[in-house]
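Letters A, B, ... are given to chains in the order of the sequence lines, protein chains preceding strands, and every chain is numbered from 1. The figures that follow rest on heavy atoms only: side chains count, while hydrogens, waters and symmetry mates do not. What you are looking at is a predicted structure, and each value in this text was computed from that prediction instead of being measured.
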2 protein chains.
Amino acid sequence: MEFKEAKNKFVQTWGALGSQWGINKTMAQIHALLMVSNEAVSMEDIMEELQISRGNASMNLRALMDWGIVYKEYKAGERREFFTAEKDLDELASKISRERSKREIKPALKILKEVSTIEAKDSAEEKHFVDQTTKLYDFVLKADNMLDKMTEFNENWLGKLVLKIMK
Amino acid sequence: MEFKEAKNKFVQTWGALGSQWGINKTMAQIHALLMVSNEAVSMEDIMEELQISRGNASMNLRALMDWGIVYKEYKAGERREFFTAEKDLDELASKISRERSKREIKPALKILKEVSTIEAKDSAEEKHFVDQTTKLYDFVLKADNMLDKMTEFNENWLGKLVLKIMK
DNA sequence: TTAAACTTTCAAAAATAAATGAAAGTTTAA
DNA sequence: TTAAACTTTCATTTATTTTTGAAAGTTTAA
């Protein structure tokens, strides 16, 4: 396999993976492209390489910057803007999980809290509902915390220990 | 908030959360409904409660069973089939992560392996590509293993210890 | 200033994903 | 058997999401 083919395959795969996880395909593809580029890329080049429109490129770059995983870069003497991706994978994972937590998990937890604290009269049905949603609240909270803290441990002794034992 | 309202809110929220994570809304809603039901539910009742068609109910129940998180149940003297959800949350998480790993992560890893092992000539560009995709491969592999092993630790001493320290 | 070079916005179009429902298939009781 | 009771399938329709592209907006060099 030659370089160009490999690069394309990577971008396509990353895009497909993204859309299976609720991230739009183009956004994931742009991110993939920037990840494997050794230097900042202009919007024009992104459009060209992914065969997408200006508007699409612009909106998804904006979204990636909102997620904090793509940065604008200015080159001396250049009018255009260039873009780079966060390339440190621990940092990337940390930012993604922080954003998803903020945007999706936290609001869901709020609702779970609400519905799990209704007054559960006496029917078995209602009791089960309260019981199950309470468990779910605790579980999601725990999972969210773990994800949140996970990256802090990535390169340190405890993380390594845990990984070792987990093997 | 009264029971019915709370139940509905829960089902809607779970559905929305699902679709943000690449699981179709109805599938997530059916799962939510079964999760908080203290007894097995017939297809008829699911259709009624979620206001969906027979075909939709059938296909999504099938998908949920393929994921191994919903079971068919037969009641003595009843012709119809009834459905229940996996209610043990650790088990649920374990099954979901196993399935996603099998369906999405593993194939992606295969591609990552492929593209990261091209011969990297001498250009900085190609070297960077190989370097970055190799790192990504290692990272995804590690993350996949962690998820895989995580649930094994959920209720045991080490898991608790790690969680405690993580706080 | 101003006009060229560039980016963003957003209504409309296109693409994709999900849902419907009727026909086909299956199971079971009689 | 067979017919009633139920489930599954899948071509078509509907809904949702994404993309386009032209107009509006912004920035900067002269």
Any base atoms under 4.0 Å from Arg80(B), or only sugar-phosphate, or nothing? Heavy atoms, all strands. sugar-phosphate
Figure out the CD/P separation between Glu81(B) and dG25(C), and round it to whole Å. 18 Å
Whether the Arg54(B) and Ser58(B) side chains hold a donor-acceptor pair (N or O, under 3.5 Å, no angle test) is what I'd like checked. no
N/O (side chain, Lys72(A)) to phosphate O (OP1/OP2, dT8(C)) under 4.0 Å: yes
What's the CZ-P distance between Arg62(B) and dA18(C), to the nearest Å? 18 Å
When we call it a touch if two heavy atoms are under 4.0 Å apart, what does Asn56(A) touch: a base, just sugar-phosphate, or nothing? base
I need the CG-P distance between Leu64(B) and dT8(D), as an integer number of Å. 13 Å
Return yes if some donor-acceptor pair links the side-chain N/O of Lys95(B) with the main-chain N/O of Gly68(B) below 3.5 Å, else return no. yes
Output the rounded distance in Å from OH (Tyr74(A)) to C1' (dA5(C)). 14 Å
Assign each of Arg54(A) and Ser19(A) the nucleotide of DNA chain C bearing its closest heavy atom; nearer the 5' end lies the nucleotide of Arg54(A)
Mind checking who dC10(D) pairs with, Watson-Crick or G-U wobble, both distances under 3.5 Å? dG21(C)
By the Watson-Crick or G-U definition, both distances under 3.5 Å, dA14(C) is matched with dT17(D)
Write down the distance between CD1 (Ile52(A)) and P (dG21(D)), rounded to a whole number of angstrom. 12 Å
Just to be sure I understand the rule, does Glu44(B) reach a base, reach only the sugar-phosphate, or reach nothing, if contact means heavy atoms closer than 4.0 Å? nothing
dA19(C) phosphate, OP1 or OP2: any side-chain N/O from Thr26(B) under 4.0 angstrom? yes
Specify the residue among Arg79(A) and Gly55(A) whose closest nucleotide of DNA chain D lies further upstream toward the 5′ end. Gly55(A)
Applying the 3.5 Å cut-off to both distances, the Watson-Crick or G-U partner of dA3(D) turns out to be dT28(C)
Where each residue is assigned the nucleotide of DNA chain C containing its nearest heavy atom, which of Met65(A) and Ile23(B) is assigned the position nearer the 5′ end? Met65(A)
With the threshold set at 4.0 Å, does a side-chain nitrogen-carboxylate oxygen contact exist between Asp131(B) and Lys135(B)? yes
Nearest to the side chain of Ser53(A) - dC6(C), dT19(D), dT8(C)? dT19(D)
Side-chain ion pair, Lys106(A) and Asp144(A), N-O less than 4.0 Å: yes
How many whole angstroms separate atom CE of Met59(B) from atom C1' of dA22(C)? 15 Å
Cationic tip of Arg100(B) within the cone over Trp21(A)'s six-membered ring, i.e. under 6.0 Å and within 45° of the normal? yes
Rounded off to whole Å, could you give me the CD-to-C1' distance for the Glu48(A) and dT20(D) pair? 17 Å
Using a strict 4.0 Å threshold on nitrogen-to-oxygen distance, state whether Glu44(A) and Arg80(A) make a salt bridge. no
Closest to the Asn24(B) side chain, choosing from dA4(D), dA4(C), dA18(C): dA18(C)
Which whole-number value in Å describes the distance from Asn60(B) CG to dT8(D) C1'? 13 Å
